[in-house]
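Contents: one structure, followed by commentary.
Bear in mind that the values here come from a model prediction, so they are computed numbers and not experimental data. We're numbering straight along the sequence, starting at 1. Just the heavy atoms: all of them, side chains too, but no hydrogens, waters or symmetry mates, feed the values below.
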Amino acid sequence: MASLVLSSLCFTSHKPCSFTSSLRFSFGALTGSRFAAPLTVGFRPEKRRNGRIRVSVYSRASPLVFRDLDADDFRHPLDKQNTLILKAIPGLNELGRALLAGTVTEQIMLLENIGTSVLVSKDQLPELHKMMIEAAGILNIESPDLYVRQSPVPNAYTLAISGKKPFVVIHTSLVELLTRNELQAVLAHELGHLKCDHGVWLTFANLLTLGAYTVPGLGAFLAQTLEEQLFRWLRAAELTCDRAALLVAQDPKVVISVLMKLAGGCPSMADQLNVDAFLEQARSYDKASSSPVGYYIRNAQTRQLSHPLPVLRAREIDEWSRSNECRSLLKRATQMNVVEKV
């Protein structure tokens with residue numbers, strides 16, 4: 001696979017940065033660079049012993065697992081539409097992989113993460129390891145490696161390196177904000193990007209945009225148009241991965257709570273946050289932006305964001321959780337075997 005950074009925690013970026021061979025998605029915060037630095041999310045530890053962070057032992061009922069799950073089973077319609085357009089371009093897949101193979105950038109990113117993070121395994125932070133294995137099993141995808149990295153910025157991101165196993169990185173500040181189930185929803189969101197091969201198509205779209213800048217005359221206008229279309233696809237891709245988070249969490253309030261905490265949560269106030277009030281806030285936003293002026297402001301506000309606004313993501317996942325499409329998926333699911341305790 002090409003060298004790609006699929007950071008999945010941030011809310012939005014306003015201007016994509018110039019293309020490199022490593023790109024990332026992000027789950028949470030709105031940022032101002034074009035797929036540059038990873039973006040963030042976090043979770044709160046359930047236990048602390050001797051000053052060390054420990055995640056609570058898995059205790060919920062055995063979740064449902066989707067043995068034959070395909071990415072298109074939960075892909076957002078806008079994501080599906082734009083992905084089909086990219087797949088229809090002859091030779092784009094082969095060209096992109098050839099251009100991105102064997103770069104120095106991917107080795108720098110690989111060594112940086114290995115050298116500055118802790119690799120999670122059955123012997124190292126085993127409960128985090130179990131979360132990832134379980135989430136991957138539910139989504140019917142091979143589990144990537146998982147690293148924990150020291151950072152005051154709560155974030156999680158995924159890197160897919162050519163010829164190597166992809167891996168997810170989570171920041172330690174993630175531990176301070178989210179619960180265990182919320183953290184697993186974040187991991188599932190990251191897995192959603194891998195399941196849907198979002199990084200590959202993001203890379204190709206970025207190549208096309210940069211190529212447009214080299215066209216004399218109308219090149220800048222064409223590139224700007226492509227960027228805006230790319231942002232539309234990015235926002236749809238995030239909605240898809242929120243659905244992946246829901247399929248693993250199997251409770252819409254868990255996913256909505258993550259989005260709420262990213263919008264305005266902190267550890268000291270976490271127990272006072274109210275998911276239902278946040279959904280009502282989302283409805284208020286819809287109402288306020290329904291007028292002609294509100295609609296214009298809303299489009300201007302979101303046009304160059306790589307992630308949808310958190311209130312809109314919350315409303316989307318709430319509605320999808322009650323849809324016939326989601327119910328049909330649940331009917332196909334089977335009970336996962338009880339996870340072995342630590």
Where do R315 and D318 land on the salt bridge (Lys or Arg N to Asp or Glu O under 4.0 Å) test, with the steps shown first? CA-CA 5 Å; R315 186 250 293 150; D318 178 59; over 6 Å; no
Test H76 against W233 for ring pair (Phe, Tyr, Trp, His ring centres under 6.0 Å), laying out the working first. CA-CA 10 Å; H76 193 277; W233 175 72; over 10 Å; no
Pair L128-V148, side chain to side chain contact (heavy atoms under 4.5 Å, CB included): steps then yes or no: CA-CA 9 Å; L128 286 176; V148 177; 3.7 Å; yes
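F66 meets the ring pair (Phe, Tyr, Trp, His ring centres under 6.0 Å) test with no other residue; sequence neighbours excluded. By the side chain to side chain donor-acceptor pair (under 3.5 Å) test, S284 is found to be paired with no residue, residues two or more places apart in sequence or in another chain being considered. Here S321 pairs with nothing under the side chain to side chain donor-acceptor pair (under 3.5 Å) rule; sequence neighbours left out. R332 meets the salt bridge (charged side-chain N to carboxylate O under 4.0 Å, His left out) test with D68, D73; sequence neighbours excluded. Considering only residues two or more places apart in sequence or on other chains, Q272 meets the side chain to side chain donor-acceptor pair (under 3.5 Å) condition with none of them. For E280, the salt bridge (charged side-chain N to carboxylate O under 4.0 Å, His left out) partners at least two apart in sequence or on another chain are R283.
The structure places CG of L139 at 12.0 Å from CG of D70, a figure rounded to the nearest 0.5 Å.
Counting only N and O atoms by type, the side chains of H171 and E176 include no donor and acceptor under 3.5 Å apart. Looking at D79 and H198, their side chains do bring a donor and an acceptor atom within 3.5 Å of each other.
Checking L125, V169, I170 one by one against L146, the side chain to side chain contact (heavy atoms under 4.5 Å, CB included) holds for a single residue, I170.
Heavy-atom minimum distance, R243 versus F74: CD-O, 3.0 Å. Residues A249 and V255 approach most closely at CB-CG2, 4.2 Å, considering heavy atoms.
Each of M131 and I133 belongs to its own hydrophobic cluster when Ile, Leu, Val, Met, Phe, Trp and Tyr are linked at side-chain heavy-atom distances under 4.5 angstrom.
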